[in-house]
Asks: 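Provided herewith is a single structure, encoded as structure tokens, for subsequent inquiry.
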There are 2 protein chains.
Amino acid sequence: MALSPRKQQILKLIIDDYIHHPEPIGSKTLLSRHDIGVSSATIRNEMAELENLGFLEQPHTSAGRAPTHLGYRFYVDALMQPPILTAYEAERFSSVLNEKITNHDRLVEQLSVALSEITGYTVAVLRPEIKKAYLRHIELLPIDSQNVVIVMVTGEGIVKNKLIRLDMGIQPQIIYRLSRILQERLIGLSMAEISLSRINEIRSVMSTNHSVLAPVLGFISEVFEHEDERDVFLEGASNLFRFPEYSDLARMQAFYRFLESKRGILSFLSEPSPRIRVAIGEENGYEELRDCSTVTGTYRLGSLSAGRLAVIGPTRMDYSKVVGLVDYLTRRLSTIMHREEEYNEQETRDLARYY
Amino acid sequence: MALSPRKQQILKLIIDDYIHHPEPIGSKTLLSRHDIGVSSATIRNEMAELENLGFLEQPHTSAGRAPTHLGYRFYVDALMQPPILTAYEAERFSSVLNEKITNHDRLVEQLSVALSEITGYTVAVLRPEIKKAYLRHIELLPIDSQNVVIVMVTGEGIVKNKLIRLDMGIQPQIIYRLSRILQERLIGLSMAEISLSRINEIRSVMSTNHSVLAPVLGFISEVFEHEDERDVFLEGASNLFRFPEYSDLARMQAFYRFLESKRGILSFLSEPSPRIRVAIGEENGYEELRDCSTVTGTYRLGSLSAGRLAVIGPTRMDYSKVVGLVDYLTRRLSTIMHREEEYNEQETRDLARYY
DNA sequence: GTTAGCACTCTCGACTTTAGAGTGCTAAAA
DNA sequence: TTTTAGCACTCTAAAGTCGAGAGTGCTAAC
């Protein structure tokens, strides 16, 4: 279905207009706004054909035409101008990145706030899974006779901890011993490698003291298995109120409920997807996102699994701009974290001396 | 302004009705729904007087009457029936409390989810400040030559940590030494007591190694000073869509923006307030909460400062029910945590042997 | 293939009408 | 003095009417 250049031109003009001014547009209006070399009647004919092809639709007979989801799809694939970042936008991100925030979660959150501000849409972030990380450090700290803190540090510098309350008192010596054993056997392994067999190995060495062992090993597997911690960060949800397409309260509520429950948006973000994915309406695969478009970017944080960052807006989204921003941002995030990762590996090698 | 019993009865009936069916109610309708011993004309007269007194208002001349904020205030203070928890509600909370969640944040979050479900309103939680906690344990863990993890545990079992990246490599021995010094000088102190002078004391002892010291001491003060960590937990914000009083999109957006920014709701929750506070409309003190009522409960977590838990709903809130739930929940939270706290102090005393 | 012209369609806002709920007032009853 | 029946009056909300305006599709001429 190769579209004639003129049809493409007309489709592009309609969508460009519609993105900023969401009202069905007629042949005359289009002509009055743009310098096309033909008359309104010709445009009318072209538009009728574009409608037959499924790229445009009329809300009713005597109205102008609006893009369909298929129209947007074609626009995204073939028509929209290549995204360009403005100096302001790049600057806005850089200023966050230059703050030298050491906590990855915070950094990504701050960037999301910026992204949501710039685009005026909603941003959702799924942080990388920790499952595939390798363990850089593990330590048990006896706090008192019945409380032990377990601290784990991944290669990427993510620290996880938990206070474990034991049923019966245990001497610190035993804790220290277990701590050393865990260090000897687990440090340097990726989480995939800390399998049941290794844990059982430890269990046999420490056979005397099951009462510490059970919760400790429980926590380790919890950190790396459980998705609980993987909550979604949301920013700018209230932005969508701006758009007339969300003036239907019932729909808005369904949408909000979807975001709020976090389950839905989590599973949406967890789906495999290319580095940059644009999904329009039903393409999202969720009833609640039927009236939305999303631009999802994947970033990599060291050896961790992919993190995801999605911009959610109306289907008449400014695709060019959003794709540009998401692409830029995830790229920068990945390289920054990649650099850190290399740095850490270097360090870890140096460190070997101490052990 | 002592109201006659009959006026009180009529006001109560109107509000009881209005809470579940938010339409201005007229004398005849009221009579048809309830068995009052007088005619509609009498009720009409009483209602006219209640309006003069400011307890009721008419949207327009020929409509029924609806409660004013003053009316709700009187209702809350004098009319509503004492709150009773249903078996289901108590059971719902107990099932969460019995899960033995060790992380306080999670526990309070789960309870908020239950509270929001039961009430159908929005719940906001401000976690206790950590500032007043006493330090049960502090430890520096060298991870490699340039990375140190600092771990702090409060009396309540709250664990805080951070990975500190140093500009230059430092031998683990030095880290261990600093760790011991911190332990000797800081453990057991309340955070108020870890003043600048004590920190300077440490600085003089460790004069040689400023490069570790600065970020470590920085983190300590950050943990206990900064409000950053005190983010607000929100649950059930989308519930409010149900209510016809929120069908005005612009208002809804302002409200959502308020919740989302977290600044506003944080400062709202930070205000001093009695154990249970009911605020109606303007009483909330925030423009964005002008159309809402809030029931705020304070709970205490060990020696920490107060945590706050607020139910936010329309002004025609089911006050009796909500007050009962908030009261019950904050009480149970406080006692549970109080018990834990005693337990911990016991433990800490026992522990003294080890040091 | 393109365009001017024209009859036709449909929505949206403005205006009108009407049913119904509710009121306040008055005068009679308790 | 308080309560009540009765009634004229008020106001809204929903339904109906109407005309302007934007846009279309078709036809015939360029």
Side-chain angles (χ1 to χ4, degrees), chain A residues 2-11 13-15 17-18 20-68 71 244-245 247-249, chain B residues 2-11 13-15 17-18 20-68 71 244-245 247-249:
Chain A
L3 255 47
S4 75
R6 195 171 62 196
K7 279 203 187 60
Q8 294 196 15
Q9 182 200 13
I10 289 173
L11 183 56
L13 288 175
I14 290 174
I15 295 183
D17 275 16
Y18 195 81
H20 299 108
H21 192 71
E23 264 153 32
I25 190 167
S27 51
K28 276 183 194 160
T29 315
L30 192 70
L31 193 60
S32 72
R33 289 199 203 144
H34 303 279
D35 198 17
I36 319 173
V38 292
S39 76
S40 71
T42 309
I43 295 174
R44 211 144 52 231
N45 289 332
E46 296 285 48
M47 283 169 82
E49 283 188 59
L50 282 168
E51 181 173 1
N52 283 337
L53 291 169
F55 294 122
L56 295 177
E57 68 186 347
Q58 278 182 301
H60 53 266
T61 328
S62 72
R65 288 178 169 95
T68 61
E245 37 268 83
S247 54
D248 178 5
L249 265 198
Chain B
L3 254 48
S4 74
R6 194 171 63 197
K7 281 203 184 61
Q8 294 197 15
Q9 182 200 13
I10 289 173
L11 182 57
L13 288 176
I14 290 175
I15 295 183
D17 275 17
Y18 194 82
H20 299 108
H21 192 70
E23 265 154 33
I25 190 165
S27 50
K28 274 183 196 159
T29 315
L30 191 69
L31 194 61
S32 74
R33 289 199 205 144
H34 303 279
D35 198 17
I36 319 174
V38 293
S39 75
S40 70
T42 308
I43 295 175
R44 211 144 52 231
N45 289 332
E46 296 286 48
M47 283 170 82
E49 284 187 60
L50 283 168
E51 181 174 0
N52 283 337
L53 291 169
F55 295 121
L56 295 177
E57 70 187 345
Q58 277 182 303
H60 54 267
T61 328
S62 73
R65 288 178 169 96
T68 61
E245 37 269 82
S247 55
D248 177 5
L249 265 199

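Predicted model only: the values in this text are computed from it and were never measured.
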Asks: Taking atom C1' of C/dG1 as reference, at what distance in whole Å does atom CZ of A/Arg6 sit?
Replies: 8 Å

Asks: Looking at every strand, decide which applies to A/Ser27 at a 4.0 Å heavy-atom threshold: base, sugar-phosphate, or nothing.
Replies: sugar-phosphate

Asks: List the protein contact pattern of nucleotides 25-30 of chain D with one symbol per nucleotide (5' to 3'): B for base contact, S for sugar-phosphate-only contact, - for none; contact means a heavy-atom distance under 4.0 Å.
Replies: B-----

Asks: Write down the distance between CD (A/Glu23) and C1' (C/dC12), rounded to a whole number of angstrom.
Replies: 12 Å

Asks: Hey, is the main chain of B/Glu57 close enough, under 3.5 Å, to the side chain of B/Thr68 for a donor-acceptor pair?
Replies: no

Asks: Testing the basics here: between A/Ser27 and A/Ser40, what is the closest heavy-atom pair and its distance to 0.1 Å?
Replies: CB-O, 3.6 Å

Asks: How close do A/Ile15 and A/Gly71 get, counting heavy atoms only, and between which atoms?
Replies: CD1-O, 3.6 Å

Asks: Give the rounded distance in Å between these two atoms: CZ of B/Arg33 and P of C/dA21.
Replies: 12 Å

Asks: Once you round it to whole Å, what is the distance between C1' of C/dT23 and CE of B/Met47?
Replies: 10 Å

Asks: Ignoring hydrogens and angles, are the base of D/dT4 and the side chain of B/Ser39 linked by a donor-acceptor pair under 3.5 Å?
Replies: no

Asks: Look at A/Glu51 together with A/Arg65 and state whether they make a salt bridge at an N to O cut-off of under 4.0 Å.
Replies: yes

Asks: So, is A/Thr42 close to the C/dT3 phosphate, meaning a side-chain N or O under 4.0 Å from OP1 or OP2?
Replies: yes

Asks: Would A/Val38 and A/Leu31 count as a side-chain contact (heavy atoms from CB on, under 4.5 Å) here? Give the steps.
Replies: CA-CA 8 Å; A/Val38 292; A/Leu31 193 60; 5.6 Å; no

Asks: Hey, which sits more toward the 5' end of DNA chain D by its nearest nucleotide, B/Pro59 or B/Val38?
Replies: B/Val38

Asks: Of all heavy-atom pairs between B/Pro24 and B/Tyr18, which one has the smallest distance, and what is that distance?
Replies: N-CE1, 3.9 Å

Asks: Without decimals, in angstroms, what is the distance between A/Leu31 CG and D/dA22 C1'?
Replies: 15 Å

Asks: So which pairs with a foot in residues 32-45 of chain B pass salt bridge (charged side-chain N to carboxylate O under 4.0 Å, His left out), sequence neighbours left out?
Replies: B/Asp17-B/Arg33

Asks: Assign A/Thr29 to base, sugar-phosphate, or nothing according to its heavy-atom contacts below 4.0 angstrom with the strands shown.
Replies: sugar-phosphate

Asks: Please state how far atom CD in A/Glu49 lies from atom C1' in C/dT2, giving the value in whole angstrom units.
Replies: 13 Å

Asks: Measure the distance from CD1 on B/Ile43 to P on C/dA21 and round it to the nearest whole Å.
Replies: 17 Å

Asks: What's the NE2-P distance between A/His60 and D/dG21, to the nearest Å?
Replies: 16 Å

